[in-house]
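Just so it is clear, the model here is predicted, and its values are computed rather than measured. Ligands are counted one by one from 1 in listed order, and the atoms in each one are counted from 1 as well.
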Amino acid sequence: MMTLRIGYGEDAHALAAGRLLVIGGVTVTHSPRGALAHSDGDVLLHATADALLSAFALGDIGTYFPPSSPTFKDMDSTEILRAVRDLIIAKVATVRLHNLAAVVTLDTPKLGTLREAIAARLAELLAMPVGDVGITFKTSEGLAPDHIQAAVTLLLSVEK
Ligand code: C5P
Ligand code: MG
């Protein structure tokens with residue numbers, strides 16, 4: 001029998017000078033600021049990892065990657081997403097990802113030119129077709145000019 005599951009995750013970080021901005025595993029070379037975080041601060045990958053875990057009530061990334069642990073300092077978040085994906089494959093028999101819908105909120109710089117690259121990277125990390133990965137960019141209309149935020153929903157199914 002096939003059961004549908006929904007996953008949802010969010011993440012936000014403050015922006016600071018002298019940091020690389022990484023979104024969905026893609027470095028935004030035209031940004032003078034990056035996320036201030038313990039890891040590389042990739043809000044899109046963190047929200048995606050939490051969305052995957054939430055779909056199966058498996059806690060959140062802090063459960064597996066405590067922010068206090070020195071092991072995870074400046075960690076490449078693609079490793080976090082890969083580890084979460086492997087954990088889910090190990091715990092849940094047959095998982096199929098149908099589509100991912102994400103919103104990244106950032107006032108500047110504009111990200112539209114990176115939409116395809118970000119969607120392609122996320123699709124590759126999750127082994128899903130790029131056409132099933134929708135990325136929306138929004139500004140906060142000046143309400144949060146020093147922050148970046150991501151929200152991710154996932155539709156999955158499990159064969160039981
Ligand atoms: O937030 P707002 O509705 O004003 O954003 C207008 C458009 O600007 C978005 O629909 C998106 O295409 C683009 N945008 C972007 N990069 C951002 C924020 C918004 O490309 N960082
Ligand atoms: Mg608007």
Evaluation steps, side chain to side chain contact (heavy atoms under 4.5 Å, CB included), between Val84 and Ile61: CA-CA 8 Å; Val84 165; Ile61 49 176; 4.0 Å; yes
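Ligand 1 has no nitrogen or oxygen under 3.5 angstrom from a nitrogen or oxygen of Thr108.
Residues forming a salt bridge (Lys or Arg N to Asp or Glu O under 4.0 Å) with Arg19 (at least two apart in sequence, or on another chain): Asp74.
Near Gly112, meaning under 4.0 Å from any of its heavy atoms, are these atoms of ligand 1: 20 (O).
The heavy atom nearest to atom 1 (O) of ligand 1, out of those in Leu106, Thr139, Val28, Thr105, is found in Thr139.
Taken from CZ in Phe137 to CG in Leu114, the straight-line distance is 6.5 Å, to the nearest 0.5 Å.
Checked against Arg33 for a side-chain contact (heavy atoms from CB on, under 4.5 Å), the options Ile148, Leu21, Asp146 give a single hit: Asp146.
Heavy-atom separations between Ser140 and ligand 1 are all 4.0 Å or longer.
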